[in-house]
Colleague: 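This is the structure, below, for whatever I ask next.
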Amino acid sequence: MSKTILVTGGAGYIGSHACKALKAAGWVPVTYDNLSTGWRDAVRFGPFEEGDLTDRARLDEVFAVHKPVAVMHFAAINLVGDAMRIPGTYWRNNVMGGLTLAEAAVAAGCMNFVFSSTCATYGDQDNVLLDETTDQKPTNAYGSSKLAMEMILRDFAAAHGLNHVIFRYFNVAGADPDGEIGEHHRPETHLIPVMLDAIAGTRPGLTIHGTDYATRDGTCIRDYVHVSDLVAAHLQGLDWLLAGKGNRVFNLGTGTGFTVREVIDEAGAVTNRPVPVTEGPRRAGDAACLVSGSTRAEADLGWRPERSDMRTMIADAWRWHQGPGYER
Ligand code: UDP
């Protein structure tokens with residue numbers, strides 16, 4: 001069996017951590033990335049093939065050269081704010097791109113597909129804990145585009161036998177514990193890195209997007225999971241697929257929700273510095289509360305998060321943020 005895995009988005013935050021974990025486990029991760037949001041210097045754990053997801057000829061070439069046994073599909077755009085403003089870009093990139101990739105995989109006979117989906121496919125559900133059977137009602141085009149890709153995979157499984165594992169991520173945080181790679185978006189909009197920039201003084205402050213939600217302190221609740229734990233689940237999902245265990249959807253969250261204010265308090269404690277904060281209006285498209293209520297990944301895959309407590313996630317992110325790899 002080929003030891004090669006095609007990793008789309010391998011130059012990005014989660015994809016680069018997946019490549020590192022794949023290499024450590026004896027796989028050869030081939031990164032396919034258009035570098036629109038990823039970083040060439042994050043591709044250190046296997047070959048690099050530059051290309052766009054919508055470029056079918058380029059994908060065919062890469063499948064033919066590397067003959068991967070599976071695809072891990074991370075490449076996507078993922079900002080709720082942008083998705084509300086420019087939904088067409090989200091559909092083109094995440095759905096047309098994902099569809100082209102799935103068609104190329106089937107044509108090449110690469111029938112194992114691991115897909116990065118999101119809790120944003122659930123939408124606003126009145127503070128209930130979310131499991132894989134919860135209705136999916138996305139509130140923004142990011143969630144809609146990921147849900148559409150899930151449906152494409154189901155149809156391709158039925159028609160073409162494309163085996164897939166779908167992971168619905170909650171909020172991914174933290175950085176490689178070795179400090180080699182980490183989160184690095186330009187522009188940055190995610191809560192923890194924005195907050196660390198504010199603490200470090202490289203941006204004026206953090207604005208809380210909405211303080212009038214029906215939650216315990218008025219701010220949104222999210223379930224945060226460490227990127228290292230998240231990618232560990234992908235390796236287990238790959239084994240699941242290669243063992244022929246079939247198509248399966250898994251939430252990846254810890255089941256513990258933190259409000260924005262609670263995250264800010266933890267960051268103050270970890271960094272021992274004040275967090276400059278202002279309160280602003282709600283951000284369009286945000287759900288009040290997204291927390292996983294599933295134990296399926298633990299039960300089926302044996303997945304156990306090890307670094308997903310808030311202190312460790314912020315400490316790992318802060319170490320990366322302060323280190324030489326983080327470009328300010
Ligand atoms: N958030 C915030 N200020 C920021 C960035 C994010 O208050 O500068 C809030 C956001 O409204 C949401 C939570 O933090 O409730 C997590 O947002 P993030 O963008 O990190 O991830 P998302 O949940 O959108 O995937």
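We count ligands from 1, going down the list as the structure has it; atoms in each ligand are counted the same way. Just so you know, these numbers come straight off a predicted model, no measurement behind them.
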Colleague: Distance to 0.1 Å, residue and atom name: give those for the protein heavy atom nearest to atom 9 (C) of ligand 1.
Modeller: Val260 CG2, 3.8 Å
Colleague: Within the 3.5 Å criterion, strictly below it, is a donor on Asn251 or Ser294 matched to an acceptor on the partner's side chain?
Modeller: no
Colleague: Using heavy-atom distances, let me know which of Val194, Ile221, Thr189, Val277 sits nearest atom 5 (C) of ligand 1.
Modeller: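 Of the listed residues, Thr189 has the closest heavy atom.
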Colleague: I need the nearest protein heavy-atom contact for atom 24 (O) of ligand 1: residue, atom name and distance, please.
Modeller: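 For atom 24 (O) of ligand 1, the nearest protein heavy atom comes out as Arg283 NH2, 2.8 Å.
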Colleague: With Arg168 as the cation and Phe250 as the aromatic partner, state whether NZ or CZ is under 6.0 Å from the six-membered ring centre and within 45° of the axis.
Modeller: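 Output no; distance or angle outside limits.
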Colleague: To the nearest 0.1 Å, how far is atom 11 (O) of ligand 1 from its closest protein heavy atom, and which atom is that?
Modeller: Asp286 OD2, 2.6 Å
Colleague: Salt bridge or not between Glu150 and Lys146? Use side-chain N to carboxylate O under 4.0 Å.
Modeller: no
Colleague: Measure the spacing between NZ of Lys3 and CG of Leu22 and express it to the nearest 0.5 Å.
Modeller: 10.0 Å
Colleague: Parallel, tilted or perpendicular, judged at 30° and 60°: which one describes the rings of Tyr142 and Tyr90?
Modeller: perpendicular
Colleague: Got an N/O contact under 3.5 Å between His190 and ligand 1?
Modeller: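 Between His190 and ligand 1 (N or O atoms, distance only) the closest approach is not under 3.5 Å.
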Colleague: Which ligand 1 atoms are under 4.0 Å away from a heavy-atom of Val80?
Modeller: 24 (O)
Colleague: Please compare Tyr169, Tyr142, Phe258, Tyr224 and report which has the shortest non-hydrogen distance to atom 13 (C) of ligand 1.
Modeller: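 When every heavy atom of Tyr169, Tyr142, Phe258, Tyr224 is considered, Tyr224 comes closest to atom 13 (C) of ligand 1.
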Colleague: Should you measure from each heavy atom of Leu206, which atoms of ligand 1 turn up under 4.0 Å away?
Modeller: 3 (N), 4 (C), 8 (O)
Colleague: Only one of Tyr169, Phe115, Phe113 clears ring-ring contact (aromatic ring centres under 6.0 Å, His included) with His234; which?
Modeller: Tyr169
Colleague: Checking Asp55 against Tyr32: is there a side-chain donor and acceptor pair closer than 3.5 Å?
Modeller: no
Colleague: If the cut-off is 4.0 Å to any non-hydrogen atom of Ile208, which atoms of ligand 1 fall inside it?
Modeller: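 Heavy-atom distances to Ile208 below 4.0 Å select 7 (O).
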Colleague: Find all atoms of ligand 1 within a distance of less than 4.0 Å from any non-hydrogen atom belonging to Asn171, and give their numbers and elements.
Modeller: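 This gives 16 (C), 21 (O), 22 (P), 23 (O), 25 (O) as the contact atoms.
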Colleague: So, Asp131 and Arg296, do they make that salt bridge, N to O below 4.0 Å?
Modeller: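 No, this pair does not count.
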Colleague: Check whether any N or O atom of Arg222, backbone or side chain, sits under 3.5 Å from an N or O atom of ligand 1, and answer yes or no.
Modeller: yes
Colleague: What residue and heavy atom of the protein are closest to atom 20 (O) of ligand 1, and at what distance?
Modeller: Leu191 N, 2.8 Å
Colleague: Do Asp316 and Arg311 meet the salt-bridge criterion of a basic N to acidic O distance under 4.0 Å?
Modeller: no
Colleague: Looking only at protein heavy atoms, identify the closest one to atom 7 (O) of ligand 1 and say how far it is in Å.
Modeller: His209 N, 2.8 Å
Colleague: At under 4.0 Å between heavy atoms, which part of Thr207 makes contact with ligand 1: side chain, backbone, both or neither?
Modeller: backbone
Colleague: Within ligand 1, which atoms have a heavy atom of Cys220 less than 4.0 Å away?
Modeller: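 So the atoms of ligand 1 that pass are 15 (O).
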Colleague: Give a yes or no on whether a salt bridge exists between Arg58 and Glu49, defined as a side-chain N under 4.0 angstrom from a carboxylate O.
Modeller: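 Result for this pair is yes, salt bridge flagged.
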